2 protein chains.
Amino acid sequence: MNTSDDDLLDRAFLALADPARRRIIARLSRGPATVNELAEPFAISKQAVSKHIQVLEQAQLVTRSRDAQRRPVHLDPARLEALTAWIDRYRLVREEQFRNLDAVLSEQAASRGRQTKDPS
Amino acid sequence: MNTSDDDLLDRAFLALADPARRRIIARLSRGPATVNELAEPFAISKQAVSKHIQVLEQAQLVTRSRDAQRRPVHLDPARLEALTAWIDRYRLVREEQFRNLDAVLSEQAASRGRQTKDPS
DNA sequence: CTCTTTATAAACCGATTGGTTGATTACAAG
DNA sequence: CTTGTAATCAACCAATCGGTTTATAAAGAG
């Protein structure tokens, strides 16, 4: 299966772009649960919840084990960590950008008599 | 415009669930850019890029200013921070869960010998 | 074996996505 | 005024998404 880095990010972010799936994540953060347990607080069918879990599974955000005819779902925090890592890269770069901007402004303030460079 | 908390998370995660939009985020982390500049490295049309920017804008991940007929796009790190905050909530809760799991395993070790299922 | 529980598979449907092309707005320069 | 540039709007299209209903598989319990 084609699970490139980009593809995994696609699936993971798309998986989180749905309130039902985010509620499932929240529920699973308190421990494993079966499809029936996950479906109970929702107004949708078990089949729909099963589909949501498949989406989360393909994003590798959750895993499943076997216990007789039950298939408990477990949260896998590793992928969540990968998402924060991606976001932080650009969030933090941006903050550094602000620091650089401060430096540039100080530089410009110090050279207020020289020729102004055009920052196009 | 209905911008509830859940709705904003929907839009933001959906916005990141596309490689083109993630590349736009990456580019904007190095400074503002116009639609034309953003569209250049892509094989898609300017209209498509414009749509991507609208998606990012509705997710409040970027803002726009006016400069004559140009509309430079700026990255807004605040929303990115909100996303990491949401993820970390459940990622970190899960780590605490592991600590609790250790306690449970110790408990089970003390009562080893019973059936794994229903103790008769 | 049959019956029940748990869960998935398959087919279908309306709404949304991501892309296109063509027309239009907004602004500045000649 | 006309021309050119930057960007959006509008209409359209194939593909995907989130949900349903129906049917099916898989694993105990009796």
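As the structure is a computational prediction, the values presented were derived from the model and not from experiment. Numbered from 1 within each chain, the chains take letters A, B, ... in sequence-line order.
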Length of the line joining [X]:[atom1] and [N]:[atom2], which is rounded to integer Å:
X: A:Arg64; N: C:dA7; atom1: CZ; atom2: P; value: 8 Å
X: B:Arg23; N: C:dG18; atom1: CZ; atom2: P; value: 16 Å
X: A:Lys46; N: D:dT24; atom1: NZ; atom2: P; value: 17 Å
X: B:Arg22; N: C:dG18; atom1: CZ; atom2: P; value: 12 Å
X: A:Ile24; N: C:dA7; atom1: CD1; atom2: P; value: 13 Å
X: B:Gln47; N: C:dT24; atom1: CD; atom2: P; value: 14 Å
X: B:Glu37; N: D:dT5; atom1: CD; atom2: C1'; value: 14 Å
X: A:Asp67; N: D:dA26; atom1: CG; atom2: P; value: 17 Å

Item to check | Side-chain heavy atoms of B:Leu83 within contact of A:Leu83, under 4.5 Å | outcome: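 Of all side-chain heavy-atom pairs linking A:Leu83 with B:Leu83, none is under 4.5 Å.
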Item to check | Non-hydrogen side-chain atoms of A:Ile87 and B:Glu81 separated by less than 4.5 Å | outcome: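 They are not in contact (no side-chain heavy atoms under 4.5 Å apart), so the answer is no.
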Checklist entry - Which of residues 14-21 of chain B have a heavy atom under 4.0 Å from DNA chain D? => result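 DNA chain D contact set from residues 14-21 of chain B: none.
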Checklist entry - Can you tell me if the side-chain N/O atoms of B:Thr34 get under 4.0 Å from OP1 or OP2 in D:dA6? => result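 For D:dA6, neither OP1 nor OP2 has a side-chain N or O of B:Thr34 closer than 4.0 Å.
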Item to check | Common cluster, A:Val49/A:Val55, ILVMFWY with side-chain heavy-atom separation under 4.5 Å | outcome: no
Next on the checklist: With clusters defined by side-chain heavy atoms of hydrophobic residues (ILVMFWY) lying less than 4.5 Å apart, directly or transitively, does A:Trp86 cluster with B:Trp86?
Outcome noted: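 In one cluster with B:Trp86: A:Trp86, yes.
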Item to check | Steps toward salt bridge (charged side-chain N to carboxylate O under 4.0 Å, His left out) verdict (B:Asp76, B:Arg79) | outcome: CA-CA 7 Å; B:Asp76 178 9; B:Arg79 273 288 129 198; over 6 Å; no
Side-chain donor/acceptor pairs under 3.5 Å, residues 32-45 of chain B, sequence neighbours excluded:
unit_1	atom_1	unit_2	atom_2	d
B:Thr34	OG1	B:Glu37	N	3.3
B:Glu37	OE1	B:Thr34	N	3.0
B:Ser45	OG	B:Ala48	N	3.3

Next on the checklist: So, using side-chain contact (heavy atoms from CB on, under 4.5 Å) as the criterion, who are the partners of A:Glu57 when residues are at least two apart?
Outcome noted: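 Residues passing side-chain contact (heavy atoms from CB on, under 4.5 Å) with A:Glu57: A:Val62, A:Arg64.
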Checklist entry - Partners of A:Gln54 by side-chain contact (heavy atoms from CB on, under 4.5 Å), sequence neighbours excluded? => result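 Scan of A:Gln54 (side-chain contact (heavy atoms from CB on, under 4.5 Å), adjacent residues dropped) gives none.
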Checklist outcome for this item: B:Ala17 and A:Leu14 have their tightest heavy-atom pair at CB-N, 3.3 Å
Item to check | Shortest non-hydrogen contact from B:Leu75 toward B:Leu61 | outcome: CD1-O, 3.5 Å
Checklist entry - Can you give one letter per nucleotide of nucleotides 25-30 of chain C, going 5' to 3': B for a protein heavy atom under 4.0 Å from the base, S for sugar-phosphate only, - for none? => result --BS--
Checklist entry - B:Asn36 has a side chain; which of D:dA7, C:dT8, C:dT21 sits nearest to it? => result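 Side chain of B:Asn36 sits closest to D:dA7.
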Checklist entry - From the list C:dT20, D:dT8, D:dT20, which nucleotide is the closest neighbour of the side chain of B:Val35? => result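 Within the option list, the nearest is D:dT8.
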Item to check | Contacting residues from residues 49-57 of chain B, given that a heavy atom lies under 4.0 angstrom of DNA chain C | outcome: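 When residues 49-57 of chain B is checked for heavy atoms under 4.0 Å from DNA chain C, the hits, listed by number, are B:Lys51, B:His52.
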Item to check | Stepwise salt bridge (charged side-chain N to carboxylate O under 4.0 Å, His left out) test for B:Arg11 and B:Asp7 | outcome: CA-CA 6 Å; B:Arg11 296 174 190 270; B:Asp7 202 40; 3.1 Å; yes
